[in-house]
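Please read these numbers as outputs of a predicted model, since none were measured by experiment. In what follows, chains are A, B, ... by sequence order, proteins preceding strands, each numbered from 1.
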2 protein chains.
Amino acid sequence: MNKEGKHTVAVVDDHSLFAGSLEKLINSFPNFKVLFHAKNGLELKDLINEGEKLPDIILLDINMPIMNGFETAEWIMENHPKIKILALSMEDDEQTILKMLRKGAKGYLLKDIHPEILNTALNELIEKGFYHSEKVSETLLHSISPNEEGIIMDFKENELIFLQLACSEMTYKEIADVMDLSPKTIDGYRQDLFKRLKIKNRVGLVIFALKKNLIKI
Amino acid sequence: MNKEGKHTVAVVDDHSLFAGSLEKLINSFPNFKVLFHAKNGLELKDLINEGEKLPDIILLDINMPIMNGFETAEWIMENHPKIKILALSMEDDEQTILKMLRKGAKGYLLKDIHPEILNTALNELIEKGFYHSEKVSETLLHSISPNEEGIIMDFKENELIFLQLACSEMTYKEIADVMDLSPKTIDGYRQDLFKRLKIKNRVGLVIFALKKNLIKI
DNA sequence: TTATTTAAGGGGTTTTTCCCTGTTTATTTG
DNA sequence: CAAATAAACAGGGAAAAACCCCTTAAATAA
């Protein structure tokens with residue numbers, strides 16, 4: 001909250017044109033004002049470390065060069081956990097949304113923003129502490145809750161990476177190398193996934209991943 | 001050629017309604033006349049064995065119960081190789097077309113028949129001995145000739161069955177059982193395919209099969 | 001402090017993958 | 001027609017990879 005009684009928002013987004021109009025839009029809301037703007041996570045870090053006032057909310061784009069939304073969210077939550085992160089992204093797939101929320105984002109918006117939706121999101125973020133659009137809530141419910149076969153589709157970070165690499169022609173040894181983990185750990189992921197997904201071998205894994213859109217061919 | 005100077009056609013098709021209008025259509029062509037109609041390969045066999053006059057052309061549907069188009073074509077070629085088979089099918093995938101032509105079909109038509117196309121096909125069958133629509137020719141050329149990576153996509157019967165089974169969660173031992181072949185033979189298919197398709201393991205096989213529409217998920 | 005999670009190791013069986021050889025059956029071709 | 005050639009099928013043997021169960025250490029969360 002600034003001296004005018006408005007809640008402050010920092011915008012972290014690479015697309016300067018888009019970010020510019022976004023700033024004007026936010027400033028037009030009665031309860032909000034843009035505090036500052038950063039082109040990526042690194043710039044945000046610098047600005048905050050240089051003593052900028054802390055915003056109440058950070059509008060955070062996921063797809064940025066240098067320091068992306070995931071890393072940035074991680075840093076924010078570690079250093080300034082009171083700031084509420086509203087994630088912005090063009091991706092609407094379950095895993096991206098899940099990952100962002102796991103990193104600590106309190107809300108998730110797809111990038112084709114309608115002014116009223118952004119206003120609602122910001123207000124709910126202040127009032128309730130979180131905002132979820134119907135679409136995102138639905139996606140989350142669908143993805144985390146067990147499906148028809150009782151399979152829980154909530155993958156952890158490394159699990160998902162393993163799963164996707166296992167859908168390539170790499171051996172488990174090679175996967176262990178690129179993930180910088182022991183082959184034994186990789187084997188643990190494998191066993192756990194095979195049990196949970198009720199599959200018999202790697203072919204089953206590929207088929208599962210395709211059905212659930214976890215990989216594309 | 002019958003007494004009226006018309007070429008004779010036998011229709012082998014399960015869909016009696018469709019076959020009925022097909023007969024009328026063929027009889028309306030100046031050069032052709034339907035000799036008889038059979039609902040499946042077995043009926044055709046019986047009719048021919050009972051001494052029916054042999055048709056010049058057999059219009060053969062692939063998807064039939066009892067004795068399908070492939071088996072029927074095989075029998076026709078073994079017993080009456082002079083008869084020209086024109087295959088009819090809703091399937092337009094490369095492997096089905098290839099298989100039918102390998103069985104001896106002289107032409108291949110997709111089932112949404114335009115009267116002029118059928119007339120052309122029958123006439124070319126008599127004149128040239130074969131008929132290939134542009135679409136089928138193209139498909140064939142594309143499938144048999146080496147593609148960008150020099151991979152020859154012309155699979156033999158058993159090879160294709162193996163390939164498709166290998167895209168399931170079955171072990172090679174299980175595949176050998178259902179195909180009633182030695183595990184060593186199956187291993188031979190595997191080695192040959194891996195080399196030809198330039199893949200490293202079963203995951204590669206699944207990905208290849210999906211890209212080339214040899215399996216569906 | 002007690003669970004839970006994450007990473008990793010021990011040790012074993014089965015499956016896959018590879019290469020090379022041999023037999024039988026078609027298919028060419030001299 | 002017989003001889004050469006190609007193909008489909010099958011075996012031996014072996015190394016690598018995949019698969020499976022069970023335990024443990026460290027870090028985290030409850």
Work out how much the helix from C/dT1-D/dA30 to C/dG30-D/dC1 bends between its end axes, five pairs an end, to the nearest 10 degrees.
-> 40°

Nearest-Å distance for atom pair CD/P, residues B/Glu174 and C/dT15 = 8 Å

Return no unless some side-chain N or O of A/Thr171 is found under 4.0 Å from OP1 or OP2 of D/dA17.
-> no

Side-chain N,O (A/Tyr189) to OP1/OP2 (C/dA8) below 4.0 Å = no

For the base of D/dC19, is there a side-chain donor-acceptor partner from A/Asp187 under 3.5 Å away?
-> no

Phosphate contact (C/dT15 OP1 or OP2) by A/Arg202 side-chain N/O below 4.0 Å | no

Quick one: does A/Lys184 reach the base of C/dG11 with a side-chain donor-acceptor pair under 3.5 Å?
-> yes

Answer yes or no for B/Arg196 and B/Phe155: cation-pi contact, defined as NZ/CZ to six-membered ring centre under 6.0 Å and angle to ring axis within 45°.
-> no

Are side-chain N/O atoms of B/Tyr189 and B/Asn158 paired as donor and acceptor at under 3.5 Å?
-> yes

Taking only Lys NZ, Arg NE, NH1 and NH2, and the carboxylate oxygens of Asp or Glu, determine whether B/Lys200 and A/Glu174 approach each other closer than 4.0 Å.
-> no

If only side-chain N and O atoms of A/Asn158 are considered, is one of them under 4.0 Å from the OP1 or OP2 phosphate oxygen of C/dA7?
-> yes

Euclidean distance, atom CZ of residue A/Arg196 to atom C1' of D/dC20 [Å, nearest integer] | 18 Å

Under 4.0 Å: is that the gap between some side-chain N or O of A/Thr185 and OP1 or OP2 of C/dA8?
-> yes

